[in-house]
Amino acid sequence: MKSVRMGAVFISLLLVVPLLVTPAAGAEGKRRKGETPQQLLRGMTLEEKVGQMMMVGFYGSEPTEDIRRLIRDVHAGNVILFSYSDNVQTPVQTAKLTNGLQRIAEETRLKIPLLISTDQEGGVVARMTTGATQLPGNMALGAGRKLKDSHEAARITGEELRAVGINMNLAPVLDVNVNPDNPVIGVRSYAEDPHLVANMGAAAIRGYQRHSMENRVVATAKHFPGHGDTDTDSHLGLPVIDKSREELERVELVPFRRAIESGIDAIMTAHIHVPALDDTPNLPATLSKPIMTGLLRQEMGYDGLIVTDSMTMAGVADYFGGVSQAAVKAVDAGVDIVLLTPALTADEQIEVYQEILEAVRSGDISEKRIDQSVRRILKVKLKYGLFMNHQVDEDEVAERVGTREHREKADEIARRSITLVKNERGLLPLKLSEDQKLGIISQYPLKEQVDRYHSHSTEIHMKGVNPTDEEIDQAVEMARKQDVLIVGTYSASLYPQQIKLVQALQELDKPMAVVAFRNPYDIQDFPGVDAYVNTYGYRPVSLEAVADTLFGSNQPQGRLPVTIPDLYPYGHGLSYSGSEPTDRIDP
């Protein structure tokens, strides 16, 4: 019997291996004639199949022995890159790294290329920053109300990622941020309106996925079934969304249904407990078969990839026996790719792989269930031409990443997003005489941008988001000598010392404009400020845009994509012309 099985494997390999080396034209670009996921699947061992379901992480700016082990010995089919782990430093370095990773995959028996992913959401969450185009994030796009901007931001991001060998983006975020106290989503969401989120998300999906083979990337809608109405960070605990099924259908599920209609190729799970969808106590959605298979697969008709959020997060790792057991339960629930990060050592990631493998060998998970996932993974790798297009030209990176055209488009989008919420006494736009002194107190440096308009400015740059009493005293002392103040805040409700700083500056009774660099709700804690502006991000592109707006060279056009409770409604926004910007969604 053993020789019969070996013969069957050999025949399968004869069928498969030539397909991996013989190019032919096809309906999907450089896909080869006759090649199908099923044919590839027939030639794979169980160990290789389970490896395809692993998305692994590592430390290093170039391939290390750890990642070689994971790809070679665990047959890992997918890799995630981070900046904190030194994977992503510059575009050229990243291209060299991804080429090196793909070469390791080429050395494996079946030579199946890797899905290489990262979180390039734009705005506050971006892994590739140095040398790349820095784009405003989702809430800035929601404030601008232009679907074309969402599409263009995704197109630019996708082109630059693919240029450095990253072929999967863990974006767009489709969470509907209806909870002002949400500590983890906030400006990563487009809006509190599920239909605006759905429309913006669909435009982004087209921007990522519907371009030429060499420019498109796999988009990943996240975090299913919706992380927008939580007040707990799933990195730190298990959030609970205690809503009825009807409420979930009206809000959280709307953008994901639209994403499926738009052809999304991957959806990421949320480590949240949703009793209306599965009332098993303390069960994260990631591990729920009724949610992953029953709702997403069967009811919503989705047949693309399901990717877990990081399995090292407390919202899932602290339950059901740790990461390895949780990973087994996630696979049984219906996920296709288990996402691990460098928070686990290579040995620990291998343990997760072995635990899943053992669950299949013991019969706790059927090999048929594994085949379903691997077939989907191979289908995506074929669709995006990775068997022929997984290497990138390192010499062309500089011509494709951070281009002048891309930067100019990012500037346009950022300028449209700036939202003027309050403007008492006509403080803005600032019109200062040469002898007037301008004081800037901010976590993010604005002086360089401000100096283009006014040469008599003094800046105190806060070292962190929660300034010390000594820093507050220094800021107040500097501010006493100024005529006008610009004060930057960053999700002030989460950092009491920021609120203390602004309130201390208010007591000076100086004309003061507050610029919120992240969450738009900061004015709730100091509603009496003269002027209040939202940027929804702190990247240089947003700093430039807000400086232009403060001094009047940019007309504020943004509208609030969320309600500021008890103060300003969804859709509110002021302009300098006296008329409010339009709240319609432009194509």
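If you're wondering where the values come from, they're calculated on a predicted model, not measured in any experiment.
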Problem set entry | Exercise: do Thr419 and Asn534 side chains pair donor with acceptor under 3.5 Å | no

Exercise. For residues Gln557 and Ser575, is any side-chain donor paired with an opposing acceptor at under 3.5 Å?
Worked result: no

For this session: Calculate, to the nearest 0.5 Å, the distance between atoms CG and OG belonging to Leu283 and Ser288 respectively.
Result: 5.0 Å

Problem set entry | Thr563/Glu192 under side-chain hydrogen bond (donor to acceptor under 3.5 Å, both in side chains): CA gap, chis, key distance, verdict | CA-CA 8 Å; Thr563 299; Glu192 69 178 31; 2.8 Å; yes

Exercise. Judged by modelled atom types alone, do His227 and Asp175 share a side-chain donor-acceptor pair under 3.5 Å?
Worked result: no

For this session: For the pair Arg369 and Ser373, evaluate side-chain hydrogen bond (donor to acceptor under 3.5 Å, both in side chains) and give the outcome as yes or no after the intermediate values.
Result: CA-CA 7 Å; Arg369 164 71 198 89; Ser373 288; 2.8 Å; yes

For this session: State plainly whether the residues Glu159 and Arg155 are in salt-bridge range, i.e. N to O under 4.0 Å.
Result: yes

Exercise. Got a donor-acceptor contact below 3.5 angstrom from the Arg376 side chain to the Asp336 backbone?
Worked result: no

Exercise. How would you list, by chain and number, every residue that makes a side chain to side chain donor-acceptor pair (under 3.5 Å) with Glu247, sequence neighbours excluded?
Worked result: Ser244

Exercise. Got a sec, which residues hit salt bridge (Lys or Arg N to Asp or Glu O under 4.0 Å) with Arg245, two or more places apart in sequence or on another chain?
Worked result: Glu249, Glu299

Show every donor-acceptor pair shorter than 3.5 Å between a side-chain atom in residues 134-144 and any protein atom, with sequence neighbours excluded, or say none if there are none.
from	atom 1	to	atom 2	distance (Å)
Asn138	ND2	Val173	O	3.3
Asn138	ND2	Arg188	O	2.9

Exercise. With a cut-off of under 6.0 Å to the ring centre and 45° to the axis, is Arg258 in cation-pi contact with Tyr190?
Worked result: no

Exercise. Is it the case that Asn215 and Arg400 place a side-chain donor and acceptor less than 3.5 Å from each other?
Worked result: yes

Problem set entry | Partner of Val541 by side-chain contact (heavy atoms from CB on, under 4.5 Å), out of Ile413, Asp411, Thr535 | Asp411

For this session: Using a strict 4.0 Å threshold on nitrogen-to-oxygen distance, state whether Asp309 and Lys222 make a salt bridge.
Result: no

Problem set entry | Ion pair Lys148/Glu152, N-O distance below 4.0 Å | no

Exercise. Between Asn389 and Tyr384, do the side chains contain an N or O donor and an N or O acceptor separated by less than 3.5 Å?
Worked result: no

For this session: Could you verify whether a donor N or O on one side chain and an acceptor N or O on the other, from Gln52 and Lys381, lie under 3.5 Å apart?
Result: yes

Exercise. Taking C-beta and beyond as the side chain, do Gln120 and Leu161 meet within less than 4.5 Å on heavy atoms?
Worked result: yes

Exercise. Do Arg518 and Tyr536 meet the cation-pi criteria used here (NZ or CZ under 6.0 Å from the six-membered ring centre, within 45° of the axis)?
Worked result: no

Exercise. Would Ser189 and Asn177 count as having a side-chain donor-acceptor pair, cut-off 3.5 Å?
Worked result: no

Seminar exercise, completed: Output for pair (Tyr208 OH, Ser262 OG), nearest 0.5 Å, gives 14.0 Å

